[in-house]
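Notes follow once the structure below has been shown.
Note that this is a predicted model, so its numbers are computed, not measured. First the proteins, then the strands, lettered A, B, ... as listed; each starts at 1.
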There are 2 protein chains.
Amino acid sequence: MVTIKDVAKLADVSIATVSRVVNGYAHVRPEVRDAVNKAIDALGYRRNGLASSFRTQQSNIVGVLLRQQRTPFSSALAYAIETTMFDQGYRVLLCSTNGDADREQAYLETMLDMRVQGIIIRPSATTARTVKQVSTLRESGVSVAFVDMKPKIASISSVVCDNFSGGYQGMRHLIELGHRKIGVVAGGIAQRGGSQDVGSERVRGIRQAAHDLADDVEIVFSHPFDTASFEVGREAGQAMITGSPGITAIFGTTDMLAIGVMHAAHALGLELPRDLSILGYDGVLESAVTFPTLSTIAQPIHEMGQIAAMTLIDHMREASKSPRQVVLENTLIQRASTIPLEI
Amino acid sequence: MVTIKDVAKLADVSIATVSRVVNGYAHVRPEVRDAVNKAIDALGYRRNGLASSFRTQQSNIVGVLLRQQRTPFSSALAYAIETTMFDQGYRVLLCSTNGDADREQAYLETMLDMRVQGIIIRPSATTARTVKQVSTLRESGVSVAFVDMKPKIASISSVVCDNFSGGYQGMRHLIELGHRKIGVVAGGIAQRGGSQDVGSERVRGIRQAAHDLADDVEIVFSHPFDTASFEVGREAGQAMITGSPGITAIFGTTDMLAIGVMHAAHALGLELPRDLSILGYDGVLESAVTFPTLSTIAQPIHEMGQIAAMTLIDHMREASKSPRQVVLENTLIQRASTIPLEI
DNA sequence: CGCTATCTTGTAAACGTTTTCAATACAAGC
DNA sequence: GCTTGTATTGAAAACGTTTACAAGATAGCG
């Protein structure tokens, strides 16, 4: 491997000068700069990133810790973060914990070891352990930002969507279409403790809308699931359709749940959307691909990722920057799966 | 930051001993080991990964370079690689080039800078530039493995699926169901050069099956698209259904293409699968979620990722390991979207 | 010309770890 | 007791870079 010394020797300057050229510092005479660059090209020198990171004690790597990686939502979010970071000169170490606290621990340690400058976390159930780890991180000077979950610690920046308002909007949409007996398949709800989680917020919005907007609305809730998968949606949907006759619309608190419900409805011989309106939540790619296409409360996923990345970058570049809590709005995308109730 | 020196001082040993304890080497007296460990705990020492990587000139990071990140196939693959690597003690720097050669270049440089031990690549169109970069990499001692594409350079390990056989199988399935006029929506085909690409292989298999298995099969090919998105599938499907009457089955060379075709069929008022059988390729999660559920030629995506990871690890641990070309089989998953032709 | 200010460059010291080499201690065998 | 071998430890050098400091060069100014 060709080092800075080799370049210095060939260009007949000191290693300090080479370093200055490599890092683009001022105070180098143009002819010297050219000579150094020529030597660099001639030798095919590349700065040893490991050495340079070691010396400066920081890498241009930021960690991104997500629960899952395979879900549409997560991968869209990861993508948004990654591209934004890339454009700003940072590289991303992406980690999916898959709900495994040990993995989360191991990854956080790796990140610490690598002296990442910052971390974006979409926390698991935000266990006490995670909280402690995050504190440790911040003590060691790592910037932290949360995405899709508001931290209890107010000094941490975060980007979330207003899930309460989203639930409210979705419910209003269904009520305005004339539906009065509405099923809700609720997923993504932390089983223990955290009432601040995304799923619960959506349910809260749903309840509030029903309370505000019509006296005669009847909501049939599913069991509050912690997962939000297609399978869960299908089973819950089936149970709901067969168990609660008279339901004319089902609101899945996740697109994948809603798609599962859609399948259950198909399987039970319902014609959609005539016999049942179905509403999803998230606005992932898949929702545009169902039959019928799924109306959904869309999250600005790309924007979330982008803002989270930029917020973290702000903190990394200027540690004194005061924390920022960003709340984004969800918006209804009306497609084919929700129609007015025919009387 | 507490360093090895602090620990050494507190435990009253030399830094060498601390290093030996930290790295679990033999030849340390148990009581000394305990004393060091106690000091480590007391001070909260963590090895400085940057320094250690610098000293040994290698990180436990491997690079994974994918075209996309948002597609179901890619994220499933990435997930498989990542978990396998994690379990083996490696961490993954995941990069999605999104077809942008400059990004690919930048990422490869980052990886080189970080002295990654190995790289898994799912190449873009494998431009001349990529080939050159890969050579550079290997010269600098980085292990390389390809996934989902056979490299032209035989000395590189790779894991691919037998796309020819997959195309053949799919066609046989449709022919056995009695279909004789079959549409093929072909995507994922490199526009320039590379006839070894995944899409072309599938088409080759399709042609061969038609040639082998029945004299009276008529295939209607779409334009060979380079992308394989839902939208492309929908447009091609619409054109095919309206433009070529008499087609009773359509084979999309990608699940997303097939799902697009399915939408076009729905939109044109066809009843599925009665009026049209549709077959996909890939076996991504989404294929199980369509209506009707999509029959598809499934790739063992998880296995691909796993084997690619393990192959790379083999090479990293033992540089002399001879290259390995793994070919996996695709298998038909018959679901609801393909049925026997009613006469 | 002398003085100061600015620009340019080199020397050398870090950064925290791993690792080679040598030294010491201890046990075993004679 | 002496030799030999092995287990344990420490001193010190390296890894390639950045950077503080100093020193030399140059220019500006009176």
Side-chain angles (χ1 to χ4, degrees), chain A residues 1-40 43-61 109-117 140-141, chain B residues 1-40 43-61 109-117 140-141:
Chain A
M1 262 296 157
V2 31
T3 76
I4 208 174
K5 274 187 195 163
D6 304 317
V7 176
K9 199 184 293 177
L10 182 62
D12 199 28
V13 295
S14 75
I15 58 168
T17 302
V18 177
S19 176
R20 280 188 272 258
V21 171
V22 169
N23 291 295
Y25 288 151
H27 299 312
V28 179
R29 262 191 312 152
E31 5 355 335
V32 175
R33 181 179 302 274
D34 290 347
V36 170
N37 278 324
K38 208 181 289 174
I40 286 175
L43 296 172
Y45 167 76
R46 285 195 57 77
R47 158 168 70 193
N48 185 326
L50 249 31
S52 134
S53 288
F54 162 60
R55 172 58 225 240
T56 58
Q57 281 301 306
Q58 61 174 2
S59 58
N60 70 334
I61 302 215
E109 282 175 6
T110 299
M111 291 176 180
L112 255 180
D113 281 357
M114 294 184 57
R115 300 291 192 272
V116 297
Q117 284 189 58
S140 18
Chain B
M1 261 294 156
V2 31
T3 77
I4 210 174
K5 274 187 197 164
D6 304 319
V7 177
K9 198 184 296 176
L10 182 60
D12 199 28
V13 294
S14 76
I15 58 168
T17 301
V18 177
S19 176
R20 281 188 270 259
V21 171
V22 168
N23 291 294
Y25 290 148
H27 297 312
V28 179
R29 261 191 311 154
E31 43 288 25
V32 175
R33 181 179 303 276
D34 290 347
V36 170
N37 279 325
K38 207 181 290 176
I40 287 175
L43 296 171
Y45 168 75
R46 286 196 55 78
R47 158 169 71 195
N48 185 328
L50 248 33
S52 135
S53 288
F54 161 61
R55 173 58 224 239
T56 57
Q57 280 302 302
Q58 60 174 1
S59 57
N60 69 336
I61 302 216
E109 282 175 6
T110 300
M111 290 175 181
L112 256 179
D113 281 357
M114 292 184 57
R115 299 293 190 272
V116 295
Q117 283 189 59
S140 14

Phosphate-side-chain proximity, B:Thr17 and D:dG10, N/O vs OP1/OP2 below 4.0 Å: yes
Sugar-phosphate only, base, or nothing, as touched by A:Val22 at under 4.0 Å among non-hydrogen atoms: nothing
Atom-to-atom span, NZ of B:Lys9 to P of D:dT9 - whole angstrom: 21 Å
Distance below 4.0 Å between B:Ser14 side-chain N/O and D:dA11 OP1 or OP2: no
Below 4.0 Å: OP1/OP2 of D:dT17 and any side-chain N or O of A:Tyr45: yes
Spacing of CG belonging to A:Leu50 relative to CZ belonging to B:Arg55, to within rounding of 0.5 Å: 12.5 Å
Under-4.0 Å side-chain N/O to phosphate OP1/OP2 contact, B:Arg47 with C:dT18: yes
Any A:Tyr25 side-chain N or O less than 4.0 Å from OP1/OP2 of D:dT18: no
A:Asp113 and B:Arg46, any side-chain heavy atoms less than 4.5 Å apart: yes
Shortest non-hydrogen contact between A:Arg115 and B:Gly49, atoms and distance: NH1-N, 4.5 Å
Spacing of A:Asn23 atom CG relative to D:dT19 atom P, expressed in whole Å: 7 Å
Side-chain heavy atoms of A:Ile40 within contact of A:Val22, under 4.5 Å: yes
Sugar-phosphate, base or nothing in reach of A:Arg20, heavy atoms under 4.0 Å: base
Nearest-Å distance for atom pair NZ/P, residues A:Lys5 and D:dT18: 14 Å
Check: D:dA7 base within 3.5 Å donor-acceptor of B:Arg29 side chain: no
C:dT17 phosphate, OP1 or OP2, under 4.0 Å from B:Ser52 side-chain N/O: no
Between C:dT20 (P) and B:Arg55 (CZ): distance, integer Å: 8 Å
Touch class at under 4.0 angstrom, heavy-atom based, for A:Ile15 against every strand present: base
Flag side-chain contact, heavy atom, 4.5 Å: A:Asn48 against A:Thr3: no
